[in-house]
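Each residue takes its place number in the sequence, starting with 1.
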Amino acid sequence: MLLQFVYSAQDFVTDVLQRSENCPPPSKFDALIRDGWTDRMDRGLFRYHLGDLETRILPGPNGYIAQLNVQRGIERRKPQEILSIQQEFNPSQFNFNKINADEIICEMMKGTAGVKDSPNGQLPQPCKMVVLINVSPLEFGHCLFVPDPSLCLPQILTRTAVQVGIESVLLSSNPGFRVGFNSLGAFASVNHLHLHGYYLDHELKIESNLVKPLIPEKNFFRLQGFPVGFLFFTKSEEVDTIARTICDVTDFLVGENIAHNLFLTRGCPPSCQMQSAKERRLRKGVRIAIWPRIACFGAKEESAFNVALCELAGHLPFKNKKDFNSTTEREVISIVQRYLLPDDEFQRLEEQLVEHLLTL
């Protein structure tokens with residue numbers, strides 16, 4: 001029988017610090033993911049055994065986290081051929097309705113206790129989110145969040161998917177739990193709606209870097225520094241509103257055929273001024289970064305790493321020892337830069353998005 005995890009806003013963990021001496025105990029969500037993931041690893045359900053990954057911090061101001069994961073480069077399933085950002089779901093290709101049922105950790109649902117009735121007097125139907133292992137893991141706990149697989153949704157974000165992604169970060173007491181999304185044309189390898197979740201116990205610059213306010217009342221900002229992108233921030237009580245606004249942005253990008261990556265992580269409240277060390281450690285909310293980027297179709301692969309959600313956030317899984325040992329921060333920036341929109345295109349898009357969100 002499929003294990004169900006029913007949660008509510010009371011399960012959100014709000015008192016989280018980065019680099020805390022007193023590590024909080026795992027939340028119910030953490031225990032479920034960690035135990036379920038470890039059980040599947042022990043049972044041999046992954047394509048390879050993932051031990052402690054060799055890790056190094058690249059010298060330089062960006063603090064890139066490099067990890068050597070040779071097996072993922074060799075053993076992972078061949079990505080599907082993607083030809084369009086709006087490509088339709090194809091039931092004949094691999095999708096998450098075809099997996100081994102033992103790969104499923106649980107089914108997540110948000111309880112309806114305390115939820116207001118809809119206008120017709122009925123309670124909203126809870127979303128069924130299936131959590132399954134990624135059989136070619138990047139890091140410990142690497143899992144996939146798939147909104148009701150039977151709906152056969154293509155890899156285009158929905159408000160529900162975004163909301164559950166944010167809530168998953170809030171359900172974890174570990175500041176290293178991350179969630180992300182690759183659109184079609186941005187190195188999504190399966191055209192069946194899913195988000196990635198995994199643990200990375202290293203601080204990323206994106207958790208605290210400075211921002212430029214764009215529409216502060218909508219918690220919409222521009223990331224300062226490299227790589228240029230957009231940022232939303234939310235606390236637990238604002239998740240529904242932020243999820244809707246994020247989807248307004250991603251729907252706009254899809255409509256304009258602009259590929260994009262998202263990365264969700266615990267982070268300190270956005271600021272355009274340098275903060276104190278104490279302020280930079282706060283992790284009471286979630287930062288959601290969105291990077292519009294140049295679309296990549298076909299089977300193009302970089303020898304060192306592909307530029308997707310992890311790499312844009314500063315986490316670099318390398319496929320081979322040579323690149324892992326020798327790649328510098330300057331070389332990383334050079335590779336990533338090739339996938340970012342030119343400055344003039346990004347500026348034009350920023351103006352369009354601000355105008356679009358202000359009319360809603």
Show me, pair by pair, the donor-acceptor contacts under 3.5 angstrom made by side chains of residues 352-360, not counting sequence neighbours?
residue, atom, partner, partner atom, Å
Thr359, OG1, His356, O, 2.6

Hey, can you pull the donor-acceptor pairs under 3.5 Å for the side chains in residues 230-237, sequence neighbours left out?
none

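Pairs engaging residues 84-96 under the salt bridge (charged side-chain N to carboxylate O under 4.0 Å, His left out) rule: none recorded [sequence neighbours left out]. Within the structure, salt bridge (charged side-chain N to carboxylate O under 4.0 Å, His left out) contacts touching residues 243-259 (residues at least two apart or in different chains) are Asp240-Arg244.
Counting all heavy atoms, side chain and backbone alike, Leu3 lies closest to Leu32 at CD2-CD1, 3.2 Å. When all heavy atoms of Asn182 and Gln155 are compared, the closest pair comes out as O-NE2, 3.0 Å. Closest heavy-atom contact between Ile206 and Ala313: CG2-O, 4.1 Å. Nearest heavy-atom pair across Leu53 and Leu68 is CD2-O, 3.4 Å. Of all heavy-atom pairs spanning Asp201 and Gly176, the tightest one is OD1-CA, 4.1 Å. Scanning all heavy atoms of the two residues, the minimum distance from Cys310 to Tyr198 falls at SG-OH, 3.4 Å.
Checked by atom type, the side-chain pair Asn69/Arg76 shows no donor-acceptor distance below 3.5 Å. In the model, Asn306 has no side-chain atom that pairs as donor or acceptor with a side-chain atom of Glu311 under 3.5 Å. For the residue pair Ser136 and Arg72, no side-chain donor N or O sits within less than 3.5 Å of a side-chain acceptor on the partner.
Rounded to the nearest 0.5 Å, atoms CG (Leu195) and CG (Leu157) are 6.0 Å apart. Atom CD1 of Ile258 sits about 9.5 Å away from atom NE2 of His260, to the nearest 0.5 Å. Distance CD1/Ile333 to CZ/Arg330: 8.5 Å, rounded to 0.5 Å. Atom CG of Asn97 is separated from atom SG of Cys152 by 5.0 Å, given to the nearest 0.5 angstrom. One distance of note links CD of Gln87 with CD1 of Ile156; it measures 10.0 Å at 0.5 Å rounding. Between atom NE2 of residue His142 and atom CE of residue Met41 there is a gap of 11.5 Å, rounded to the nearest 0.5 Å.
Formation of a donor-acceptor pair under 3.5 Å by the Lys321 side chain with backbone atoms of Val70 is not found in this model. One N or O on the side chain of Asp30 and one on the backbone of Ser173 form a donor-acceptor pair closer than 3.5 Å. A side-chain donor-acceptor contact under 3.5 Å links Arg40 to the backbone of Ile104.
For Glu81, the CD atom sits in a loose shell: 12 or fewer heavy atoms of surrounding residues, nucleotides or ligands are nearer than 6.0 Å. Within a 6.0 Å sphere centred on CG of Asp15, heavy atoms belonging to other residues, nucleotides or ligands number 12 at most. The neighbour count for Asp42 CG, taken as heavy atoms of other residues, nucleotides or ligands under 6.0 Å away, is above 12.
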Mind running side-chain contact (heavy atoms from CB on, under 4.5 Å) on Leu340 and Leu312 for me, showing each step along the way? CA-CA 10 Å; Leu340 299 177; Leu312 288 164; 3.9 Å; yes
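Arg43 meets the salt bridge (charged side-chain N to carboxylate O under 4.0 Å, His left out) test with Asp39, Asp102; sequence neighbours excluded. With sequence neighbours excluded, the residues that form a salt bridge (charged side-chain N to carboxylate O under 4.0 Å, His left out) with Glu167 are Lys110.
Using the six-membered ring where Trp is involved, Trp291 and Phe263 have ring planes that are tilted, between 30° and 60° apart. Under the 30°/60° scheme for interplanar angles, the aromatic rings of Phe5 and Phe29 are found to be tilted.
Contact annotation: the side chain of Phe187 approaches that of Arg293 to within less than 4.5 Å [non-hydrogen atoms, C-beta and beyond].
None of Phe89, Phe96, Phe94 except one satisfies the ring pair (Phe, Tyr, Trp, His ring centres under 6.0 Å) rule with His194; the exception is Phe96.
For Trp37 and Phe46, the ring centers are positioned less than 6.0 Å apart.
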